[in-house]
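Quick note on labels: first sequence line is chain A, next is B, and so on, each numbered from 1.
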Number of protein chains: 2
Amino acid sequence: MTETAATIPPPAIVLVRPQLGENIGKAARAMLNFGLTDLRLVAPRDGWPNPAAGPAASGADVVLERARVFDTVADAVADCAHIYATTVRKRGVTKPVVTPEVAARQIHAEPGGSAILFGPERSGLETDDVAVARTIVTVPINAEFGSLNLAQAVILVAYEWSKHVALASPPEVELDPPAPQGELDGMIAQLDDMLEAANFFFPPARVPATKRTLRTLLTKPGWTSQEVRTLRGVLSALAGKKSPRG
Amino acid sequence: MTETAATIPPPAIVLVRPQLGENIGKAARAMLNFGLTDLRLVAPRDGWPNPAAGPAASGADVVLERARVFDTVADAVADCAHIYATTVRKRGVTKPVVTPEVAARQIHAEPGGSAILFGPERSGLETDDVAVARTIVTVPINAEFGSLNLAQAVILVAYEWSKHVALASPPEVELDPPAPQGELDGMIAQLDDMLEAANFFFPPARVPATKRTLRTLLTKPGWTSQEVRTLRGVLSALAGKKSPRG
């Protein structure tokens, strides 16, 4: 719609393990009100399509028709450079926490596509889902009554995003965007295999936490595709294989 | 709650001829999420109290219990100095039209209580209702798909209002600072030695540039001391030494 929108695509809204079709429909409606159409569903509980979604979308059928379904969060965001995870409350995570307002500003300023993760209705995102993201988005809310539902969280984020659509000011410095998530995942998998072989992961009970720590570490930089390629060359060299530098 | 709130009361949310009790409950929930509690109902279609409101309020019962019912809009806002009317689309009225963002700023700046009118679910406010207001509030919305429901309109207005209140202060996460440069240098030296041994640095003419590229890569994250320690453990593991994790 604007110059900015042409170069920086609107963010994808990723519903992770959503439970009710009705809420998927409401989220679609919330999105389209503010010009978002890229809906992605990760392992929706009741499958997809879901007959309860359409009526709740109140006419936002185009969003539902284009919705894509993925098995994992990693698959859903593989083409995105900036991953945001929405959480209701603070968690013990060492990632920056921003408001929807700040997130919207960032999404409009950063080259490369963004994805915003929303957790299941009751439980919210799990720690492993949050680990995929570089940034946490939290809506500042009444400390004594925090009860935002899924569609409400989506609408607040979409609303803030829409505020900047008309502004269309290009980013001042042309920085390469972070590599798509899939490339980062490939590098992390390579390192995991090497560490596995080196018996790094011990004791077994701590393996998931250790892997999460490493993922957080390696997500933090926002490395570009070129940087990820260089690092994969480093890893290959350390593994004694011929480096695939190019 | 804050000095501002003490002198300038939070705005009243006035639902004019609301139809469904469920939507009254949802509006109450939306309000309380952002610290608003003054709910006023003008001629609710199905009377008051309404048994469908409670379950939809998801715990925001205090708002429903304190809700007051009035026969007319004029009665409902008789004690308010600033009346805002929400409409989805601009109308041919000769009143200022503002966004929720601007309205929130005005409400916090103007002495005297404010009220915000929301119309019935299907039809919205009538011309006579709008005539009571001095200012129109319109949410900027997708021109091709404007479909905000009552609770969504309430939540956007309440959310914007809450931004200026101390209770909604953005979550602060204390992130650890980047490690001192000496620690980073130690890690880079360790990696350099390993890559040297793996014959990564080749041809000789490119060694300085390659080392600079790696340093840039590894400086970019701003890793903390703990993260640098973890990565040195990773490197030690890959080098086949006992990991110095601690």
Side-chain angles (χ1 to χ4, degrees), chain A residues 29-30 32-35 58-60 62 89-90 93-102 136 138-149 151-152 155-156 159 162-163 166 191 194-195 198-200 210 213-214 216-218 220-223 227 230-231 233-235 237-240 243, chain B residues 26 29-30 32-36 58-60 62 99-101 139-142 144-149 151-152 155-156 159 162-163 167-173 175-176 191 194-195 198-200 210 213-214 216-218 220-224 226-227 230-231 233-235 237-240 243:
Chain A
R29 175 184 182 180
L32 193 55
N33 265 308
F34 296 104
S58 299
V62 63
R89 306 220 178 272
K90 289 179 207 177
V93 287
T94 53
K95 294 175 196 272
V97 179
V98 301
T99 61
E101 194 173 4
V102 171
I136 312 276
T138 296
V139 179
I141 213 166
N142 185 350
E144 284 148 37
F145 181 79
S147 169
L148 274 187
N149 67 25
Q152 288 170 337
I155 207 168
L156 292 178
Y159 164 74
S162 76
K163 284 187 185 175
L191 177 62
M194 289 168 66
L195 290 173
N199 296 314
F200 179 75
T210 303
T213 300
L214 286 179
T216 297
L217 272 176
L218 299 171
K220 184 174 178 180
W223 281 316
E227 288 173 330
T230 301
L231 286 166
V234 164
L235 291 177
L238 294 178
S243 159
Chain B
K26 286 179 177 173
R29 175 184 182 179
L32 193 56
N33 265 308
F34 296 104
L36 297 182
S58 299
V62 62
T99 62
E101 196 173 2
V139 179
I141 214 167
N142 184 350
E144 284 149 35
F145 180 79
S147 169
L148 273 188
N149 67 25
Q152 288 171 337
I155 206 167
L156 292 177
Y159 164 74
S162 78
K163 284 187 184 175
L167 75 85
S169 61
E172 294 282 337
V173 170
L175 291 178
D176 286 331
L191 178 62
M194 289 169 66
L195 290 174
N199 296 315
F200 179 75
T210 304
T213 299
L214 285 180
T216 299
L217 270 179
L218 298 171
K220 183 175 179 179
W223 280 315
T224 65
Q226 179 56 53
E227 288 172 330
T230 301
L231 286 167
V234 164
L235 292 177
L238 293 179
S243 159

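Remark: the backbone N or O of A:G222 is paired with a side-chain donor or acceptor of B:K220 at under 3.5 angstrom.
A:P140 and B:F34 make their closest contact through O-CE2, 3.3 Å (heavy atoms, listed as atom of the first residue, atom of the second, distance). The minimum heavy-atom distance linking B:F145 with A:G59 is given by the pair CE1-C, 3.5 Å. Minimum heavy-atom separation, B:F200 to A:A237: CD1-CB, 3.3 Å.
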TODO: Given side chain to side chain contact (heavy atoms under 4.5 Å, CB included), test B:V234 with A:M194 step by step and report yes or no.
DONE: CA-CA 10 Å; B:V234 164; A:M194 289 168 66; over 6 Å; no
Open item on the list: Could you go through B:N149 and A:R29, starting from their C-alpha distance and side-chain angles, then the distance that decides it, and tell me whether this counts as side chain to side chain contact (heavy atoms under 4.5 Å, CB included)?
Closed with: CA-CA 10 Å; B:N149 67 25; A:R29 175 184 182 180; 3.5 Å; yes
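In this structure, the portions of B:T224 lying under 4.5 Å from any heavy atom of chain A include both its backbone and its side chain. When heavy atoms are compared at a cutoff of 4.5 Å, A:E144 does not approach chain B at all.
Every residue was checked against the side-chain hydrogen bond (donor to acceptor under 3.5 Å, both in side chains) condition with A:T216, not counting sequence neighbours, and none meets it. With sequence neighbours excluded, the residues satisfying side chain to side chain contact (heavy atoms under 4.5 Å, CB included) with B:T213 are A:T230.
Partner of A:N33 under the side chain to side chain contact (heavy atoms under 4.5 Å, CB included) criterion, chosen from B:I141, B:L156, B:N142: B:I141.
Comparing B:L218, B:V139, B:L148, B:I155 by how many heavy-atom pairs each has under 4.5 Å with chain A, the most go to B:L148.
Note: B:Y159 OH to A:Q152 CD = 13.0 Å, rounded to the nearest 0.5 Å.
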